[in-house]
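Comments concern the structure below.
This is a predicted model, so every value here is computed, not measured.
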Amino acid sequence: MKILEWIGIGVFIVLFALTLLFLRRGVIARSIGTIEMSWRLNTVVPGRGWSPGIGRFAGDDLRWYRMFSFSPRPRRTLSRRSVVVESRRTPDGPERLVLAPDWVVLRCISGEAVVEIAMAESTLTGFLSWLEAAPPGAVSSRFRPPRPLPARPDEQRRSRPYRSAG
């Protein structure tokens with residue numbers, strides 16, 4: 001009888017862990033501004049080391065979450081201010097077995113580190129646009145908006161403020 005109890009407890013733990021894994025993935029994927037992408041975590045063996053995940057745009061950062069992880073925190077983060085795309089290519093060799101055929105591999109330089117990410121060709125345009133421009137309505141922290149110049153005294157008499165019929 002004790003063996004059946006332990007098997008039941010083991011099955012319950014496995015089902016509970018799988019439920020948590022899929023709930024976490026669903027919460028991240030439901031967010032606005034998410035893309036499916038892979039990140040190359042290990043470059044020791046050529047063509048290997050790719051890990052699937054979900055990228056989420058959050059302001060000036062691209063946060064990457066591993067697909068099969070329980071952690072609520074991103075595994076890697078790319079800052080828009082420090083990323084430069086060095087080259088892009090199609091998957092070759094063993095990468096063709098891991099990555100989808102319509103995906104593109106980007107070799108980026110983030111600060112001093114070399115980073116390789118892969119994403120669908122249709123996603124690439126949005127990613128490159130995100131790199132080049134700030135999101136709508138965002139104010140750059142490097143520049144302050146200019147203050148309006150004070151009006152000259154002779155212009156104040158001629159211009160009358162607009163009043164709404166409120």
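- Under the 3.5 Å distance criterion, the side-chain polar atoms of E95 are matched with a main-chain donor or acceptor of D92.
- Here the OG1-CG distance, from T90 to D102, works out to 11.5 Å after rounding to the nearest 0.5 Å.
- Rounded to the nearest 0.5 angstrom, I54 CD1 and R66 CZ are separated by 13.0 Å.
- Using a 4.5 Å heavy-atom cutoff, the side chains of W50 and S38 are in contact.
- The structure places OG of S82 at 11.0 Å from CD1 of I109, a figure rounded to the nearest 0.5 Å.
- Contact between P91 and R96 at its shortest, heavy atoms only, is O-CG, 3.4 Å.
- Residues F57 and V83 share a single hydrophobic cluster, defined by chaining ILVMFWY side chains whose heavy atoms lie under 4.5 Å apart.
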Note to self: Using salt bridge (Lys or Arg N to Asp or Glu O under 4.0 Å), reason through R80 and D61 one step at a time and then give a plain yes or no.
What the structure shows: CA-CA 6 Å; R80 177 188 356 222; D61 293 333; over 6 Å; no
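- You'll find the side chain of T77 stays beyond 4.5 Å of the side chain of L62, heavy atoms only.
- Linking ILVMFWY side-chain heavy atoms closer than 4.5 Å, directly or via other members, places W39 and V98 in two distinct hydrophobic clusters.
- Summarising the local packing, CZ of R89 is surrounded by more than 12 heavy atoms from other residues, nucleotides or ligands at distances under 6.0 Å.
- Listed by chain and residue number, R107 satisfy the side chain to side chain donor-acceptor pair (under 3.5 Å) test with E86 (two or more places apart in sequence, or in another chain).
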Can I get a per-line list of side-chain donor-acceptor pairs under 3.5 Å for residues 110-128, giving both atom names and the distance, sequence neighbours left out?
from, atom 1, to, atom 2, distance (Å)
E116, OE1, R40, NH1, 2.8

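- Here the CG atom belonging to D60 is positioned 7.0 Å from the CH2 atom belonging to W130, to the nearest 0.5 angstrom.
- Atoms CE and CG, from M37 and L99 in turn, are 11.5 Å apart once rounded to the nearest 0.5 Å.
- Within the model, atoms CD of E5 and CD1 of I7 stand 11.0 Å from one another, a figure rounded to the nearest 0.5 Å.
- Two residues are said to be in side-chain contact when any heavy atoms from C-beta on lie closer than 4.5 Å; E36 and W103 meet this criterion.
- In this structure, P74 and Y65 have side chains that are in contact, with non-hydrogen atoms separated by less than 4.5 Å.
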